[in-house]
Protein chains: 2
Amino acid sequence: MSTEQAAARRDIPDATVNRLPVYLRVLRKVATDGHTTISSETLAEQSGVSSAKLRKDLSALGSYGVRGVGYDVATLAGHITGALGLERQWAVAIVGMGNLGRALATYGGIGVKGFEIKWLIDDDPRVVGSVVGGQKVVHFDALVPHVDEGVIGVIATPAPSAQQVADRLIAAGVRSILNFAPAVLTVPSDVQVRGVDMATELQILAFREQNARGPQGDREMKELMA
Amino acid sequence: MSTEQAAARRDIPDATVNRLPVYLRVLRKVATDGHTTISSETLAEQSGVSSAKLRKDLSALGSYGVRGVGYDVATLAGHITGALGLERQWAVAIVGMGNLGRALATYGGIGVKGFEIKWLIDDDPRVVGSVVGGQKVVHFDALVPHVDEGVIGVIATPAPSAQQVADRLIAAGVRSILNFAPAVLTVPSDVQVRGVDMATELQILAFREQNARGPQGDREMKELMA
DNA sequence: AAATGTGAAGGGCTTCACAGCC
DNA sequence: GGCTGTGAAGCCCTTCACATTT
């Protein structure tokens with residue numbers, strides 16, 4: 001069973017992994033609404049995907065549904081949590097205590113499970129020692145992960161400092177980075193980076209609205225060609 | 001030329017559109033470094049993609065490179081800007097003036113081109129009228145887009161308010177939404193939503209680090225976007 | 001009767017490899 | 001010689017459709 005999970009986990013397609021957090025969030029909401037089971041049709045609709053896709057995704061984790069009934073909400077949430085590796089605890093280090101860093105530090109959705117914001121980091125002496133969200137801001141040097149401790153670094157500094165911060169995170173042993181600064185980072189191949197940036201998102205939205213197509217479906221043809 | 005651009009624009013694959021903003025950003029950096037031309041190899045490396053992928057992406061816009069030489073930085077940046085529809089001006093409305101909203105309002109990378117933060121919105125009477133980043137915070141009712149004005153709504157409120165804010169944005173005529181709240185939104189099919197959420201990103205990073213990307217033979221920086 | 005799980009088909013994206021052009 | 005642009009091949013993901021199970 002443990003082996004089965006591990007075996008399945010290794011085969012989960014990238015696209016599926018990217019959607020699992022969404023399913024997990026919807027399941028939590030559904031659970032608080034008092035539902036104990038849910039069909040693929042309903043869960044898919046609330047997650048914004050097709051039911052076929054949802055079932056394929058879930059089947060990559062194993063067979064946890066009941067034909068003719070649906071999925072048990074709590075059980076399914078547990079299996080997704082396990083597949084994502086959230087049984088283990090991850091330490092998060094947020095670097096940069098400007099507006100964005102403070103927003104992330106006080107962000108509600110993180111404390112659910114699996115993650116603990118362990119370091120709030122800033123190099124400005126006027127900021128070090130202050131308290132944000134009930135936690136003390138420390139100097140970069142305080143970032144000393146324990147051996148085998150999974151650490152995720154979050155960069156919330158202005159763009160010009162981002163690369164330097166990334167270098168220091170990597171030097172401290174961090175191998176996963178979430179970058180909110182509008183900059184492209186250069187990192188060794190054993191370090192993974194995910195970038196989140198408002199400008200990029202706005203540009204993608206602008207393109208899609210201009211070309212008048214939603215998720216899929218209605219296309220709107222316009223001017224003609226010569 | 002205008003026709004050619006429009007023709008090409010219609011055929012740009014989704015995956016390519018998602019990467020164009022990255023190329024654009026790298027080109028800007030490269031330009032400030034004084035380079036006037038760049039090869040696909042170099043641009044690809046700095047963007048974190050393969051050179052073949054980069055050339056395929058760019059060829060979807062047209063043939064703007066010179067064989068044996070590379071791409072003219074300024075020219076290419078201009079064509080990407082045009083393809084993304086940033087020649088036109090877009091108005092941005094940020095809803096929610098907490099830490100996150102203030103961070104986004106004062107975010108530097110947005111003013112580059114194509115976007116203007118036109119409304120900072122909050123419903124708290126104690127916040128309305130205050131000034132953030134040199135701009136006055138207004139009540140939601142002040143959001144009255146001009147006809148044919150492209151507006152993008154940015155949700156920076158706590159999760160419980162997100163759906164209601166989305167509904168009001170849509171009622172005001174907004175058809176593109178960028179959602180920073182950790183909530184899944186339900187919207188009509190002609191409205192597009194992109195969600196950005198730290199918890200989701202952390203979960204994806206955790207999964208990948210845990211599975212050490214061994215099976216696939218580790219690639220370098222994979223997707224920078226969701 | 002109802003809903004899952006999944007082979008098979010289809011579509012899109014990436015990689016390869018080289019022809020074409022400067 | 002060097003680098004772009006692109007058909008072709010391969011891979012991954014999505015969709016379809018239905019057999020399977022409760």
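Keep in mind the model is a prediction, meaning the values are calculated, not measured. Convention: sequence-line order gives letters A, B, ...; per-chain numbering from 1.
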| A:Glu149 atom CD: more than 12 heavy-atom contacts under 6.0 Å | yes

| Under 4.0 Å between a side-chain N or O of B:Ser40 and OP1 or OP2 of D:dC3? | no

| task | Would you kindly give the CG-to-P distance between B:Asp14 and C:dG12, to the nearest whole Å? | result | 10 Å

| message | For A:Leu185 and A:Ile155: C-alpha separation, side-chain torsions, deciding distance, then whether side-chain contact (heavy atoms from CB on, under 4.5 Å) applies. | response | CA-CA 11 Å; A:Leu185 304 178; A:Ile155 301 179; 3.9 Å; yes

| request: Please determine, for the side chain of B:Val66, which listed nucleotide (C:dC22, D:dC13, C:dG5) has the closest atom? | output: C:dC22

| request: Nearest whole angstrom, please: distance from the C1' of D:dT4 to the OH of B:Tyr64. | output: 15 Å

| field | Under-4.0 Å side-chain N/O to phosphate OP1/OP2 contact, B:Tyr71 with D:dG5 | value | yes

| request: Go through the steps to decide whether B:Leu202 and A:Val154 satisfy the test side-chain contact (heavy atoms from CB on, under 4.5 Å), and finish with yes or no. | output: CA-CA 9 Å; B:Leu202 291 178; A:Val154 177; 4.3 Å; yes

| So with a 6.0 Å cut-off around CD of A:Gln163, is the heavy-atom count from everything else above 12? | yes

| task | Send over the distance from A:Asp11 CG to C:dT6 C1', rounded to a whole Å. | result | 15 Å

| field | CA sep, side-chain torsions, deciding dist, call: B:Asp57, B:Thr16, side chain to side chain donor-acceptor pair (under 3.5 Å) | value | CA-CA 6 Å; B:Asp57 282 343; B:Thr16 296; 2.6 Å; yes

| field | A:Arg67 (side chain) and C:dT4 (base): donor-acceptor pair under 3.5 Å | value | yes

| said: Both B:Gly68 and A:Thr16 contact DNA chain D. Taking the nearest nucleotide for each, which residue is further toward the 5' end? | reply: B:Gly68

| said: Nearest whole Å is fine: how far is C:dA3 P from A:Leu43 CG? | reply: 14 Å

| request: Under the side-chain contact (heavy atoms from CB on, under 4.5 Å) rule, what do B:His79 and B:Tyr71 come out as? Steps first, then yes or no, please. | output: CA-CA 11 Å; B:His79 283 298; B:Tyr71 300 89; over 6 Å; no

| Taking DNA chain C as the partner, which of residues 48-58 of chain A come within under 4.0 angstrom of it by heavy atom? | A:Arg55, A:Lys56

| remark: Separation of C:dC16 atom P from B:Glu41 atom CD, nearest Å, is 12 Å

| request: Mark yes or no for whether B:Ser161, through its side chain, and B:Thr157, through its backbone, hold a donor-acceptor pair below 3.5 Å. | output: no

| Residue B:Ser39, side-chain atoms from C-beta onward, closest of D:dG5, D:dT4, D:dT14 | D:dT4

| request: Calculate the interatomic distance between A:Asp72 atom CG and C:dA3 atom P; express it in whole Å. | output: 16 Å

| request: Look at the side chain of B:Ala15 and decide which nucleotide, out of C:dC13, D:dC13, D:dT22, has an atom nearest to it. | output: C:dC13

| Value in whole Å for how far the C1' atom of C:dT15 lies from CZ of B:Arg19 | 12 Å

